[in-house]
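Below: the structure, in structure tokens.
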Amino acid sequence: MNLINQLSTALRATVNDLLAEEPTAPREHTARLLKTADQRVAKLNEQLAMAVAREKRAEQDWRDARAQAEALEAEANRAVLNKQDELARVKLAQLNQTQTRLLRLSERWKSYAATSEKLHIEIQDLQTQLGEARRRLLQAGEHEGNTSSLENLQQTRCQQHRETEQVQEELKASVEQTAQREDNVKARGELDQTRITDLLKKRDQGQSSQGS
């Protein structure tokens, strides 16, 4: 995140310089600022692409672990039904390990997803401000003293702020839903393990009563 923060801070400084440009500023200076801003946006987009790739890999790892947990759960149930006590114990132990790993993978996935979304919002906000800076400079060059460009910029910032808040709320809701699904998976696993233990106990009790 250090590189991302550095790029973001540098880009904001460049955008602020562009916004502060006077209509009488040399065109060469303005062109250099715009070029620098574009280069920094491109680097941030590269970082976003890598962050999204990490998020997708983490998601796939979590899905693979979940499928493995479901398969182990089914194998443990079959072992119990077939009175294969040792195999059932082995599968249950493997299931517990996989469920623990599943929780770790879920946390990593959520962390990567939050990073990707934060960077996406940051880039979107910066691009909006950069676009407004371009438009403002163009308007200032054509209509010197026109103050409407500043008002438009302020309106765009307010709109961007509202949109950013909405995206953050949606991201928060998504993370909460994912956590709830994980809790449900864990609860089902614990319930099934308890049920298997009860079945084994009842079976052993039945065998004991028959033997006596």
Side-chain angles (χ1 to χ4, degrees), residues 1-5 7-8 44-125 162-212:
M1 290 295 293
N2 288 336
L3 176 59
I4 293 174
N5 289 336
L7 287 171
S8 177
L44 280 174
N45 279 321
E46 290 175 1
Q47 293 296 316
L48 175 60
M50 289 189 289
V52 170
R54 286 194 298 268
E55 176 190 345
K56 295 300 181 184
R57 286 195 298 270
E59 178 183 2
Q60 188 58 51
D61 289 343
W62 178 83
R63 293 188 183 279
D64 291 343
R66 185 180 64 176
Q68 183 182 7
E70 292 173 350
L72 286 170
E73 184 178 357
E75 291 173 3
N77 289 336
R78 284 196 299 269
V80 171
L81 292 175
N82 294 330
K83 300 181 180 180
Q84 297 173 304
D85 296 354
E86 185 59 30
L87 179 59
R89 281 192 289 270
V90 170
K91 293 302 178 181
L92 284 174
Q94 292 175 347
L95 177 59
N96 286 335
Q97 293 177 352
T98 303
Q99 287 176 335
T100 300
R101 178 169 172 266
L102 189 64
L103 290 175
R104 290 199 303 268
L105 290 173
S106 175
E107 289 300 320
R108 186 173 69 175
W109 177 22
K110 288 189 290 186
S111 175
Y112 286 162
T115 298
S116 298
E117 189 62 27
K118 178 181 178 181
L119 182 54
H120 176 75
I121 293 171
E122 180 75 3
I123 292 173
Q124 187 180 43
D125 179 52
R162 289 193 297 269
E163 292 174 353
T164 299
E165 289 182 340
Q166 180 180 355
V167 171
Q168 289 173 340
E169 288 296 324
E170 292 174 354
L171 175 61
K172 179 180 178 182
S174 176
V175 170
E176 291 174 352
Q177 290 174 1
T178 300
Q180 182 61 48
R181 289 197 299 270
E182 292 166 1
D183 291 341
N184 292 339
V185 170
K186 183 178 179 182
R188 286 199 300 269
E190 294 173 350
L191 180 61
D192 287 341
Q193 185 174 349
T194 301
R195 183 174 59 82
I196 291 172
T197 302
D198 291 340
L199 287 173
L200 288 171
K201 189 179 297 183
K202 290 179 181 178
R203 193 203 64 197
D204 291 341
Q205 291 174 351
Q207 290 177 347
S208 297
S209 62
Q210 290 177 359
S212 61

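No experiment lies behind these values; they were computed from the predicted model shown.
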Please give me the minimum heavy-atom distance between [X] and [Y], naming the atom from each residue.
X      : Y      : answer
Ile123 : Leu44  : CD1-O, 3.4 Å
Leu92  : Ala76  : CD2-CB, 4.1 Å
Leu72  : Gln94  : CD2-OE1, 3.2 Å
Tyr112 : Ala58  : CD1-CB, 3.6 Å
Asp61  : Arg108 : OD2-NH2, 2.8 Å
Leu95  : Ala69  : CD1-O, 3.2 Å

Query raised in the report: Any donor and acceptor pair, going by atom type alone, linking the side chain of Asp125 with main-chain N or O of Ile121 inside 3.5 Å?
Result: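 Absent.
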**Report entry** Sidechain-backbone polar pair: Ser111 side chain, Glu107 backbone, donor-acceptor under 3.5 Å
**Finding:**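 Side chain of Ser111 to backbone of Glu107, a donor-acceptor pair under 3.5 Å: no, none is there.
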Output all residues satisfying side chain to side chain donor-acceptor pair (under 3.5 Å) with [X], sequence neighbours left out; order by chain, then residue number.
X     : result
Asp64 : Gln60
Glu59 : Arg63
Glu55 : Ser116

Spacing of [atom1] belonging to [X] relative to [atom2] belonging to [Y], to within rounding of 0.5 Å:
X      : Y      : atom1 : atom2 : result
Gln99  : Arg101 : CD    : CZ    : 13.0 Å
His120 : Thr115 : NE2   : OG1   : 14.5 Å
Arg66  : Thr98  : CZ    : OG1   : 14.0 Å
Glu70  : Glu75  : CD    : CD    : 12.0 Å

Report task. Walk me through it: do Arg78 and Gln84 pass the test side chain to side chain contact (heavy atoms under 4.5 Å, CB included)? Result -> CA-CA 8 Å; Arg78 284 196 299 269; Gln84 297 173 304; over 6 Å; no
